[in-house]
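Down below is the structure, laid out as structure tokens.
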Amino acid sequence: GVRVRQYEVSRQRAKVDVMARTKNASSQSIDATVLVRIHDREGKVVAQGEKAATIDAGKNSNVTQTLTVESPHLWHGLKDPYLYRVEVELKQGGRTTDSSVQPLGLRYYSVDKEQGFFLNGESYPLRGMAMHEELIDKGRALSDADRLRDLEILRHSGLNYLRMSHYQHGDYTYNYCDSVGIIVYTEIPAINYMSDAGTPLQLYQHNAASQLYELIRQQYNH
């Protein structure tokens, strides 16, 4: 329901588009207001906006606002995993009817085929491991406490990069990696080869594309 897109990020300023997808399930149009605030780590509001919208009966409406953060504190991996917090409120008649809080690590990056990965303009070699969510006697039925134990083991190994194999991992893992500065590579379960089980190739491709679309939508703000 909330997408936070950052662009034109530098040490001088960063632009942030915050899109709130609203839904009116009633039989008449509704006048609403979407409020957006970006807080720094100490809770100070560093950027904010407000936008009114009329949502037609039975319709969805995307309400987008562009905010600018001046002199942003950049998220810089293990060295400085600084996170802002984006708060979005949907109001109707002065009353908050819905709200959402999203993480925001402002950063920019690039990849060079000869020189590797760069984070915020600095060379940042990626060294890490692949992780499956599995535990003896539990299989994939892990608790967040189990995930925390495994993630702490990996973090203390000195890695700065984690490959989440080969399926969707939960928000807990993404939030942890954001908070401690681990860069994530994530993927869908389309690996190795397609079995010759009579599944039409077009159906397989459609399923893979659908999973990829869902992964991007679900974890975009990370």
Side-chain angles (χ1 to χ4, degrees), residues 1-22 32-53 60-91 98-128 160-164 171 173-187 209 212-222:
V2 173
R3 185 192 68 191
V4 181
R5 184 176 74 92
Q6 55 181 285
Y7 59 103
E8 296 183 17
V9 178
S10 69
R11 299 187 186 277
Q12 287 71 46
R13 65 186 53 83
K15 291 186 177 180
V16 182
D17 281 353
V18 180
M19 185 274 287
R21 185 167 177 79
T22 63
T33 303
V34 177
L35 284 77
V36 177
R37 300 182 186 89
I38 300 178
H39 297 258
D40 65 14
R41 183 181 286 175
E42 287 70 41
K44 178 184 176 183
V45 176
V46 297
Q48 59 184 328
E50 179 177 326
K51 190 171 185 179
N60 297 331
S61 178
N62 294 340
V63 182
T64 302
Q65 301 180 54
T66 300
L67 283 68
T68 301
V69 178
E70 300 290 346
S71 302
H73 191 145
L74 299 183
W75 187 95
H76 200 79
L78 298 179
K79 179 181 176 182
D80 190 5
Y82 190 93
L83 290 175
Y84 291 87
R85 187 176 76 254
V86 180
E87 294 184 353
V88 181
E89 281 187 83
L90 178 63
K91 287 183 172 289
D98 203 356
S99 62
S100 178
V101 178
Q102 299 293 320
L104 175 61
L106 293 170
R107 79 288 179 271
Y108 61 96
Y109 61 90
S110 61
V111 180
D112 183 274
K113 67 179 182 179
E114 302 293 340
Q115 298 180 312
F117 186 82
F118 286 77
L119 179 62
N120 302 324
E122 300 178 12
S123 176
Y124 197 86
L126 299 178
R127 300 183 176 94
N160 65 2
Y161 155 88
L162 186 63
R163 175 189 174 201
M164 294 189 187
D171 275 346
T173 304
Y174 285 92
N175 286 326
Y176 176 92
C177 290
D178 287 347
S179 68
V180 300
I182 295 174
I183 291 174
V184 166
Y185 170 104
T186 188
E187 57 190 25
L212 184 60
Y213 179 81
E214 291 168 0
L215 173 63
I216 293 170
R217 285 291 298 271
Q218 290 167 12
Q219 304 302 343
Y220 188 94
N221 295 340
H222 294 287

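When reading the values below, keep in mind they use all heavy atoms of this one structure, side chains included, and skip hydrogens, waters and symmetry mates. Because the structure is predicted, anything quoted here is derived from the model rather than measured.
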With side-chain contact (heavy atoms from CB on, under 4.5 Å) as the criterion, how do I183 and W75 come out once you've worked through the C-alpha distance, each side chain's angles and the decisive distance to 0.1 Å? CA-CA 11 Å; I183 291 174; W75 187 95; 3.9 Å; yes
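Residue Q218 holds its CD atom at 8.5 Å from CG of D171, rounded to the nearest 0.5 Å. Separating the CG atom in L74 from the CG atom in N120 is a distance of 4.5 Å, to the nearest 0.5 Å. Rounded to the nearest 0.5 angstrom, L162 CG and T186 OG1 are separated by 9.5 Å. To the nearest 0.5 Å, atom CG of residue N221 and atom CG of residue L104 are 8.5 Å apart. Taken from CD in Q6 to OH in Y108, the straight-line distance is 12.0 Å, to the nearest 0.5 Å. Within the model, atoms CE of M164 and OH of Y185 stand 13.0 Å from one another, a figure rounded to the nearest 0.5 Å.
Taking the salt bridge (Lys or Arg N to Asp or Glu O under 4.0 Å) definition, one finds that E70 meets it with R13, sequence neighbours left out. In terms of the salt bridge (Lys or Arg N to Asp or Glu O under 4.0 Å) criterion, residue partners of D17 (sequence neighbours excluded) are, by chain and number, R5. By the ring-ring contact (aromatic ring centres under 6.0 Å, His included) test, H39 pairs with no residue at all, sequence neighbours left out.
One finds no salt bridge joining K44 and E42 here, because no Lys/Arg side-chain nitrogen approaches an Asp/Glu carboxylate oxygen to under 4.0 Å.
Within 6.0 Å of CZ on R217 lie no more than 12 heavy atoms contributed by other residues, nucleotides or ligands.
Relative orientation of the Y82 and H73 rings is parallel, given thresholds of 30° and 60° on the angle between their planes.
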